[in-house]
Number of protein chains: 2
Amino acid sequence: MDDKKAQAFIKYINKYVSLTLAEETLLLTKVSYRKYLKGQYVVQQGDVCKNSGFVISGCTRTFFVNDEGEEHIVMFSIENWWASEIGSFVTQLPSDYNVQCIENTELIQLSYTEQEELFKAIPKLERFFRLILEKAFVASQKRIVKSFSLNAKEQYLQFKNQYPEVELRIPQYMVASYLGISKEFLSKIKNQLIIEE
Amino acid sequence: MDDKKAQAFIKYINKYVSLTLAEETLLLTKVSYRKYLKGQYVVQQGDVCKNSGFVISGCTRTFFVNDEGEEHIVMFSIENWWASEIGSFVTQLPSDYNVQCIENTELIQLSYTEQEELFKAIPKLERFFRLILEKAFVASQKRIVKSFSLNAKEQYLQFKNQYPEVELRIPQYMVASYLGISKEFLSKIKNQLIIEE
DNA sequence: AAATAATATTAAACTAGATTAACATTTATT
DNA sequence: AATAAATGTTAATCTAGTTTAATATTATTT
């Protein structure tokens, strides 16, 4: 991993807590850098998620397959986002989700065992993880609220507005899957929006 | 607040971290005990949530009112649950939700400013809050998964199965609101289930 | 440049769940 | 005990979104 990538990672953490130089150095010796090709899985449904990950470049989708074999996307992650299957990572129980790269993707990963060690050496990291969990929780709650109170068109417009960069990078049927609607209906909505203008 | 109530609170925290006697004593001096009557609000939509709360007795509902004036319940909390509007509490931004008592309710509350102080005195509490946030996040994600992959009847059966004590204590129209379906449709579902037996 | 695979569109028929409205039952209040 | 308020039921009509299936477009591979 080159220094530029390491610095992007450190910078992200320092948005939440202030690490000393010594702590930064220690942390960097404990993380690992890994490249994935488009289509590869970072975590598979049923496996325990061993690593928490920060996206240096690329894009992942987190999805699950239900009993009927249908795929449902619950989130996307792009550069400078945390992309772990947090639920499985923190509980060390089998994951309900797959995390798959939909572009070639570079991650900086921190293993569960290393993390436990690091919490002892750098207690500030405990605070860091609490803070990003808070953020993840709030985002998750907001999604529930939206799915309750907005119809499909409104949810699409919100998504487009909130993550414009994401929408441009992923196929439309994955947007539909994220919104919980059929790809045909999303196509109809987009067409309606064009007519309305 | 009597000792029995204080001990229930301490016991809950000690399920996640191990407090020393001195820490328990300090913590108890920093929390406050409060009774609410049925119908009273602990937090109102638009207000900043100043307190994090533990339910000693009673039951609360967390809900929001959308632009059309419709109420949507996002969670219930009963005895021995944490019942804060976490999103607003951790960000100290106006809450998207109301927390209302649907029975006479006793809470042990910890204010945001006290919490910040306590984190310095008892760093273990930082860990405690990370752990309950993890749990809340996982539960929130599970709700998204369910709303994606189960139909109304299946979601109702899951709810009934997961929170049998809650279902018995709250009016049926609130269950419908929690599930995101109309009260008429829930009535129909329950009738179908009786016929099927 | 052709062929193949992946993605997107369109339209008709269908369904889960919403809405409306009238009525029934239970709980609380005087 | 009577009245009012809150909660629950039933049935008819309606609609947002699904399903199916055929076709069109765009990207990828040879």
Side-chain angles (χ1 to χ4, degrees), chain A residues 37-40 59 61 63 65-73 76 100-104 144 146-160 166-197, chain B residues 37-40 59 61 63 65-73 76 100-104 144 146-160 166-197:
Chain A
L37 295 175
K38 179 175 175 174
Q40 283 189 311
C59 182
R61 64 173 181 142
F63 69 102
V65 181
N66 71 9
D67 297 341
E68 277 81 48
E70 300 152 346
E71 288 183 1
H72 296 281
I73 295 174
F76 299 103
Q100 185 189 29
C101 300
I102 55 184
E103 298 177 2
N104 292 339
I144 294 175
K146 277 177 205 159
S147 74
F148 260 123
S149 55
L150 303 180
N151 66 23
K153 190 198 240 172
E154 290 164 338
Q155 276 186 263
Y156 168 64
L157 288 171
Q158 278 252 187
F159 171 76
K160 204 179 148 77
V166 177
E167 204 214 346
L168 297 171
R169 277 162 74 165
I170 60 180
Q172 191 171 310
Y173 71 88
M174 287 193 187
V175 176
S177 173
Y178 176 83
L179 297 173
I181 61 176
S182 66
K183 59 195 200 316
E184 293 82 0
F185 193 51
L186 179 54
S187 179
K188 201 172 169 181
I189 287 170
K190 290 184 84 168
N191 191 249
Q192 271 175 28
L193 288 169
I194 291 165
I195 293 165
E196 278 171 20
E197 267 164 26
Chain B
L37 295 174
K38 179 175 175 176
Q40 284 190 308
C59 181
R61 65 172 181 143
F63 70 102
V65 182
N66 71 10
D67 297 341
E68 277 81 47
E70 301 152 345
E71 287 184 2
H72 296 282
I73 296 175
F76 300 103
Q100 187 189 28
C101 301
I102 55 183
E103 298 177 3
N104 292 339
I144 294 176
K146 276 177 205 159
S147 74
F148 260 126
S149 54
L150 303 180
N151 66 23
K153 190 198 243 172
E154 290 163 338
Q155 275 185 262
Y156 168 64
L157 287 171
Q158 278 253 186
F159 171 75
K160 203 178 149 79
V166 177
E167 205 215 347
L168 297 172
R169 279 162 72 165
I170 60 179
Q172 191 172 308
Y173 71 87
M174 288 193 188
V175 177
S177 173
Y178 176 83
L179 297 174
I181 61 177
S182 67
K183 61 195 198 317
E184 292 84 0
F185 193 52
L186 178 56
S187 180
K188 200 171 169 181
I189 287 170
K190 289 184 86 167
N191 191 249
Q192 270 176 29
L193 289 169
I194 292 165
I195 294 166
E196 278 172 20
E197 267 165 25

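Naming convention: chains lettered A, B, ... in sequence-line order (proteins, then strands); numbering from 1 in each chain. Keep in mind it's a predicted model, so treat the numbers as computed, not measured.
- Put simply, CD1 on A:Ile181 is 11 Å from C1' on D:dA16, counting in whole angstrom units.
- As rounded to whole Å, 14 Å separates atom C1' of D:dG8 from atom CD1 of B:Ile189.
- Applying the ring pair (Phe, Tyr, Trp, His ring centres under 6.0 Å) criterion to A:Tyr178, with sequence neighbours excluded, gives A:Phe76, A:Phe159.
- Proximity of a side-chain donor or acceptor of A:Asn104 to a complementary backbone N or O of A:Lys38 within less than 3.5 Å is detected.
- Expressed to the nearest 0.5 Å, how far NZ of A:Lys160 lies from CG of A:Leu193 amounts to 8.0 Å.
- Of the possible polar contacts, none joining the B:Gln100 side chain to the B:Arg61 backbone as a donor-acceptor pair under 3.5 Å is found.
- Note on A:Gln172: every side-chain N or O is 4.0 Å or more away from OP1 and OP2 of C:dA6.
- Computed from coordinates, the B:Ile102 CD1 to D:dT7 P distance equals 10 Å when rounded to whole Å.
- The separation between B:Gln192 atom CD and D:dT10 atom P is 12 Å, rounded to whole Å.
- Atom CD in B:Glu184 sits roughly 14 Å away from atom P in C:dA22 (whole-Å rounding).
- Atom CG of B:Asn151 is separated from atom P of D:dA16 by 21 Å (rounded to the nearest Å).
- For C:dT10, one of the phosphate oxygens OP1 or OP2 lies less than 4.0 angstrom from a side-chain nitrogen or oxygen of A:Asn191.
- Taking the side chain of A:Phe185 as heavy atoms from C-beta on, and the options D:dT19, C:dA18, D:dG17, the nearest nucleotide is D:dG17.
- The separation between B:Asn104 atom CG and C:dA28 atom P is 12 Å, rounded to whole Å.
- Here D:dT18 presents its P atom at 11 Å from NZ of A:Lys183, a figure rounded to the nearest Å.
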